Amino acid sequence: MRNAVLYIAMSLDGYIADEGGGIGWLQGDGSDPRHPGSYPAFFETVDTIVMGGRTYRQIVTELSPGCWPYEGRQTYVLTHRQPAAREGVVFTAQDPRALVAALRRQEGKDIWICGGASVAAQLWEEIDRFHITVVPTLLGKGTSLFPAPGARLPLELVSTQRYNGMVDLVYRRRA
């Protein structure tokens with residue numbers, strides 16, 4: 001069965017966006033700026049991406065306008081809006097848990113829960129692995145990655161990696 005993996009970056013104090021929703025602070029400390037980080041290797045392990053509407057809009061307007069960065073990956077955008085059609089992207093108002101359950105039953109690689117915090121909170125109990133990159137920045141305010149999920153979720157540390165002042169923490173559910 002396919003795994004659902006939350007792969008996301010957050011500030012040291014647990015925020016995934018600043019108070020205005022910005023992510024311009026998502027960078028290392030400059031100690032090793034050429035290090036590719038864990039993203040290229042992670043990206044090869046997924047063929048399906050699930051994200052919220054705000055994350056989608058941020059990608060197409062700020063992060064990668066004019067160029068879809070997930071070409072070749074089936075993407076599901078959880079939204080009640082119907083933006084302009086894009087090849088490889090499905091806009092759906094389906095319940096996130098039902099969507100992930102259906103995707104798990106299909107053949108393929110892992111499913112990337114891309115963001116944002118609302119989608120992660122709705123899928124908390126469906127996520128098999130948490131891959132969190134901690135960025136060396138304290139924001140003080142913003143969008144918290146961990147808005148009280150409502151249930152305790154014991155995890156087991158799988159691996160750590162350090163590069164450019166950032167730390168990747170990979171956890172899986174404890175048996």
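Sequential numbering from 1 along the given sequence is applied to the chain's residues. Everything numeric in this text was worked out from a predicted model, so none of it was measured.
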Item to check | Side-chain donor or acceptor of W68 paired with backbone N/O of P65 under 3.5 Å | outcome: no

Item to check | Side chain proximity check, L155 to R172, heavy atoms < 4.5 angstrom | outcome: no

Next on the checklist: In the structure I gave you, are the side-chain heavy atoms of H131 and S38 within less than 4.5 Å of one another anywhere?
Outcome noted: yes

Checklist entry - Under 3.5 Å, is there a donor-acceptor pair between the side chain of Q122 and the main chain of P96? => result no

Checklist entry - Is a side-chain N or O of D110 found less than 3.5 angstrom from the main chain of R2, in a donor-acceptor match? => result no

Checklist entry - OG/S159 to CG/D168 distance, rounded to the nearest 0.5 angstrom? => result 7.5 Å

Next on the checklist: For I23, is there any backbone N or O sitting under 3.5 Å from a side-chain donor or acceptor partner on E62?
Outcome noted: no

Item to check | Face-on cation placement of R81 at Y56 ring, 6.0 Å and 45° thresholds | outcome: no

Checklist entry - Can you check whether V77 reaches V89 side chain to side chain, under 4.5 Å on heavy atoms? => result yes

Next on the checklist: Are the side chains of Y15 and D18 in contact, using a 4.5 Å heavy-atom criterion?
Outcome noted: no

Item to check | Flag, side chain of D13 to backbone of L139, donor-acceptor distance under 3.5 Å | outcome: yes

Next on the checklist: The test is side-chain hydrogen bond (donor to acceptor under 3.5 Å, both in side chains); show your working for T75 and R86 and say whether it passes.
Outcome noted: CA-CA 10 Å; T75 302; R86 178 181 293 274; over 6 Å; no

Checklist entry - Is there a donor-acceptor pair under 3.5 Å between the side chain of R105 and the backbone N or O of M1? => result no

Checklist entry - Any ion pair linking E156 and R174 (charged N to carboxylate O, less than 4.0 Å)? => result no

Next on the checklist: Strictly distance-based, threshold 3.5 Å: is any side-chain N or O of R129 a donor or acceptor partner for the main-chain N or O of N3?
Outcome noted: no

Next on the checklist: Nearest 0.5 Å, please: how far is CE in M166 from CG in D32?
Outcome noted: 9.0 Å

Item to check | Spacing of T133 atom OG1 and Q161 atom CD [to the nearest 0.5 Å] | outcome: 8.5 Å

Item to check | Same cluster (ILVMFWY, side-chain, under 4.5 Å), I113 and L145 | outcome: yes

Checklist outcome for this item: dist I49:CD1 -> Y76:OH (nearest 0.5 Å) comes out at 11.5 Å

Checklist entry - For R97, does the CZ atom have more than 12 heavy-atom neighbours from other residues, nucleotides or ligands under 6.0 Å away? => result no

Item to check | Side chain T55, main chain M51, donor-acceptor under 3.5 Å | outcome: no

Next on the checklist: Can a donor-acceptor pair be found, under 3.5 Å and without considering hydrogens, that links the side chain of D128 to the backbone of A4?
Outcome noted: yes

Checklist outcome for this item: On a heavy-atom basis, the closest approach of L26 and A9 is CD2-CB, 3.6 Å

Checklist entry - Quick one: ring-ring contact (aromatic ring centres under 6.0 Å, His included) pairs with a partner in residues 153-175, sequence neighbours left out? => result H35-Y163

Item to check | Value rounded to 0.5 Å, distance of CD1 in I132 from CG in L169 | outcome: 7.0 Å

Item to check | Pairwise side-chain contact, V90 with Q74, heavy-atom cut-off 4.5 Å (strictly under) | outcome: yes

Item to check | Minimum side-chain heavy-atom gap K109-T45 below 4.5 Å | outcome: no

Next on the checklist: Rounded to the nearest 0.5 Å, what separates atom OG in S118 from atom CZ in R54?
Outcome noted: 6.0 Å

Checklist entry - By side chain to side chain donor-acceptor pair (under 3.5 Å), which residues pair with S31, not counting sequence neighbours? => result D29

Checklist entry - Would a 4.5 Å heavy-atom cut-off, applied to side chains only, mark T92 and L78 as touching? => result yes

Checklist entry - Is the backbone N or O of Y7 less than 3.5 Å from a side-chain atom of W112, with the two atoms forming a donor-acceptor pair by type? => result yes

